[in-house]
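Note sheet for the following structure.
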2 protein chains.
Amino acid sequence: MDQKRQIRIKDIAQRANVSIGTVDRVLHNRGEVSEETRETVMRIIKELDYHPNVMARALASKKKLLFATLLPTPLSREGYWTKPAAGIKKRITELRQFGISHESFTYSQNHPLDFVAKAEQILSLHPDGVVLAPFFSRESLLFIARLKEGNVPFVFIDSNIPDQGQLAYFGQNSYRCGMLSARLLSLLTPGRGSLLILHYAKEMEHQNHLVQREMGFYEWYRKNQPDRQVRTFEISIDDLNASHVKLKELYEEYRPEGIFVTSSKVYLAARTIGEYGLHNIRLIGHDLLPENKKFLTVGIVDFLICQRPEEQGYDAVNALFQGVVHKLPVREYNYAPIEIITRENLEFYHEFK
Amino acid sequence: MDQKRQIRIKDIAQRANVSIGTVDRVLHNRGEVSEETRETVMRIIKELDYHPNVMARALASKKKLLFATLLPTPLSREGYWTKPAAGIKKRITELRQFGISHESFTYSQNHPLDFVAKAEQILSLHPDGVVLAPFFSRESLLFIARLKEGNVPFVFIDSNIPDQGQLAYFGQNSYRCGMLSARLLSLLTPGRGSLLILHYAKEMEHQNHLVQREMGFYEWYRKNQPDRQVRTFEISIDDLNASHVKLKELYEEYRPEGIFVTSSKVYLAARTIGEYGLHNIRLIGHDLLPENKKFLTVGIVDFLICQRPEEQGYDAVNALFQGVVHKLPVREYNYAPIEIITRENLEFYHEFK
DNA sequence: CTGAAAGCGCTTACAG
DNA sequence: CTGAAAGCGCTTACAG
């Protein structure tokens, strides 16, 4: 039973023969302290292993901090990007007591100029920290340069641009993710029939995650089943009808034993399979969207690969808080666990609360 | 950007024309308030949607609470029970600032009397809350009766005894867990060869989880592959040498295509398979112990099923805190997600920090 | 039954 | 460069 009482700045002040105001000054590096007293105070802080009382600090502080976030706009009320946003919101709510406020911005994944406009709005707010999904590299780099000018710390989420001075990155290792999908689809298709990789997307140019997943997938088969027939196709999501027809045609031509959809759009493939009654296809995709769960339950989807997207958002905000407010060191690379969801364990992955 | 300032007891006191002391009295139901003023104050609290400032409360409060925990002693420095203990420790550390202290007790899984003795010690401390793994039902019920006498709230972890007035239960659904293992082992064994279920344990009497896993496993095969040969055996862990020989004999007799070990002791089966060079056996077991990870990496173990044991400990303490300190409602049943770990996603399941 | 005051550990002006 | 004082929102004796 820990009985050692907390060390207070008062204790430090007494030992150093100074006032608590002076201790506070060296604690926060805000100068106006002679080098000599600074050193003795620092020494005593070390000796006594002082740790500030976070609650007293928060209670007394009038400092208000503003965090801004810039994520893609969810494609629907249940789209993928609602999940990181939910995690962000949760942590922000918890941090309100610590004087953190939040401005949320989203941008269209099809319009780099929208990203630029929102970035501009964020800069005009002079935030104290930014969480950012740097979907468009070029535009992100310009934004980042401005943030660095203003000494605004920032955290990347979902995508990463290495060595840009980010406080941290939270996201997925899509390549390894693709390898896992390959392994699982291999288990599901003992007949060694042909496989399809499907990208349901508008344009692949900015879809680095999907490409990485595809590459990991191929790499696994190259290593483990080099003779296996694997083919990649892109299916546009502009015209849902056309996308059904397209998959139907691919089915007729290749009679695949298994299909890997590189994104949360796996429900589109599942719809086609269900509607046309395409038989004997094992199907793997991503993310716990409600419709994906439904197809998992009825058995059209076999596995969903997930990456705790809510947690990524929650942790990104938390990293900003720990780094900016508590000046704690923050780990730079933070890959989310790659989770395997199937009919048998689905019910235990609840909604994020 | 939320601009509405926080409502303080001072604001309530002003509107009710009373002092803040009186507001505090009704807030904490500690009587000495006339029914009339109580009602007006309550009304205003509702109207203004008052929420206490947790940090001011914690800072001002001199109340120290003691939580006690009673878990099985880990069988080794890396045994399963180190993990819930780690989660407990983490949350306790975070809560120290809120005046929570902690006394930790562990008991031998082979000695009910040890459990009884430790329970007695806990009672003599008059704790304000208890986290308890009720491994021995009879002895647990006696302990619980005493806790209820003293109005000490308690939370179950790992095992549950329904309807005992526990604040909450955190654990696993072992039956569903067994079904998942069955499904995965089925994918791994397309040859439809025979399967073994192995209980590595001292006595099965108290091993409810292992039995539940076995039952779920059988249920899955009954539904999906009723012709499949599945047999269960117990292997003693008292004599490791004898356990090797035993598995070797089972192998010779049944030539199983797959083995399901119902506990974290899967590394014992893996050792036998490795040392005797038993071929073509797919192997599934439980929990991310270091040795299990090693066998997963080298490919002797195919899947490990896990249940976030650290999180169970963390959440159990947190439930106690939310229920006891903040008087918040707590969800009673809390099943951990059943996680599937394999070579391809192992590296992203870090140590609990 | 009620109020006024001290204090929790810190931050923030302000005075010197 | 340094100290003393007020105050953050709450709890805890204590006085009446």
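This is a predicted model, so every value here is computed, not measured. Lettering of chains follows the sequences in order, A, B, ..., and the numbering in each one begins at 1.
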Among residues at least two apart in sequence or on other chains, which ones pass side-chain contact (heavy atoms from CB on, under 4.5 Å) with [X]?
X	result
A:Thr73	A:Thr106
A:Ser61	A:Lys63
A:Lys64	none

Results of salt bridge (charged side-chain N to carboxylate O under 4.0 Å, His left out) for [X] - residues two or more places apart only:
X	value
B:Lys89	none
A:Arg57	none
A:Asp128	none
B:Glu120	B:Arg146

Pairing string of DNA chain D (Watson-Crick or G-U wobble, both atom distances under 3.5 Å; | = paired to other strand) is |||.||||||||.|||
Note: for B:Ser61 and A:Ser19 on DNA chain D, the residue whose nearest nucleotide lies more 5' is A:Ser19
Of B:Glu35 and A:Asp24, whose nearest nucleotide on DNA chain C comes first from the 5' end?
-> B:Glu35
Report, one pair per line, the protein and nucleotides 14-16 of chain C atoms (nitrogen or oxygen only) whose separation is under 3.5 Å.
none

Output every pair passing salt bridge (Lys or Arg N to Asp or Glu O under 4.0 Å) with a member in residues 41-55 of chain B, not counting sequence neighbours, ordered by first then second residue.
-> B:Arg43-B:Glu47
Using the side-chain contact (heavy atoms from CB on, under 4.5 Å) rule, pick out the option among B:Asp315, B:Val131, B:Asn160 that qualifies with B:Phe170.
-> B:Asp315
For residues 13-23 of chain B, please give each side-chain donor-acceptor pair under 3.5 Å, one per line with the distance, not counting sequence neighbours.
residue	atom	partner	partner atom	Å
B:Ser19	OG	B:Gly21	N	3.3
B:Ser19	OG	B:Thr22	N	3.4

Listed in order of residue number, which residues of residues 47-60 of chain B have a non-hydrogen atom at under 4.0 Å from DNA chain D?
-> B:Tyr50, B:Pro52, B:Asn53, B:Ala56, B:Arg57, B:Ala60
